[in-house]
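If you're wondering where the values come from, they're calculated on a predicted model, not measured in any experiment. Only heavy atoms go into these numbers, but all of them, side chains included; no hydrogens, no water, no symmetry mates.
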Amino acid sequence: MALRKSSKLGQAALIKQMLKRCSSLGRKDERLDVPKGHFVVYVGENRSRYVVPISFLSRPEFQSLLHQAEEEFGFDHEKGLTIPCEEDVFESLTSMLR
């Protein structure tokens, strides 16, 4: 049980670090249109911009996308959080999470 709890704490720290880094990216006018409690991700080959609620971070389905993003791109880049997923798949998934 302690191992699982420490793993969750590590995930939470990683997510907080990722959000802090992403919130400082982009042009100032782009950041102004992000409501409180939301963050921006870029999806697909065209890097389409989506604003999603922070509550998605606790959902296993979204966490799976974050793990894929970490494996493919890492979180240490300056282009924003990119989700390696086709746009229609991402839209379908996020519509089910709402």
S.K.: Please report the C-alpha distance between L57 and Q63 in whole Å, then the side-chain angles of each, then the deciding distance to 0.1 Å, and finally whether the side chain to side chain contact (heavy atoms under 4.5 Å, CB included) criterion is met.
M.R.: CA-CA 6 Å; L57 294 173; Q63 288 177 4; 5.9 Å; no

S.K.: Would you list the pairs meeting side chain to side chain donor-acceptor pair (under 3.5 Å) in which at least one residue belongs to residues 84-98, sequence neighbours left out?
M.R.: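 Of all non-adjacent pairs touching residues 84-98, those that pass side chain to side chain donor-acceptor pair (under 3.5 Å) are S48-E87, Y50-E87, Y50-E91.
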
S.K.: Considering non-hydrogen atoms only, spot the tightest contact between P84 and E72 and give its length.
M.R.: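 Closest approach of P84 to E72, heavy atoms only: CB-OE1, 3.2 Å.
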
S.K.: Is there a path of hydrophobic side-chain contacts, each under 4.5 Å between heavy atoms, that joins M96 and V89?
M.R.: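 Each belongs to a different hydrophobic cluster.
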
S.K.: Please confirm whether the backbone N or O of L93 pairs with a side-chain atom of E61, one donor and one acceptor, at under 3.5 Å?
M.R.: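 No; zero donor-acceptor contacts below 3.5 Å.
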
S.K.: May I ask you to test the R49-V34 pair for a side-chain heavy-atom distance under 4.5 Å?
M.R.: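 In short, these two side chains touch, coming nearer than 4.5 Å.
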
S.K.: Does any part of the side chain of I83, heavy atoms only, come nearer than 4.5 Å to the side chain of L66, both counted from C-beta?
M.R.: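 In contact.
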
S.K.: Which atom pair, heavy atoms only, marks the closest approach of F62 to F56?
M.R.: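 So the minimum-distance heavy-atom pair works out to CB-O, 3.2 Å.
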
S.K.: Are L81 and F73 side-chain neighbours, meaning at least one heavy-atom pair lies under 4.5 Å?
M.R.: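 L81 vs F73: side chains apart.
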
S.K.: Between the main-chain N or O of K36 and the side-chain N or O of H38, is there a donor-acceptor pair closer than 3.5 Å?
M.R.: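 Yes.
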
S.K.: How close do S55 and S58 get, heavy atom to heavy atom, and via which atoms?
M.R.: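 Scanning both residues completely, I find the closest heavy atoms to be O-OG, 2.9 Å.
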
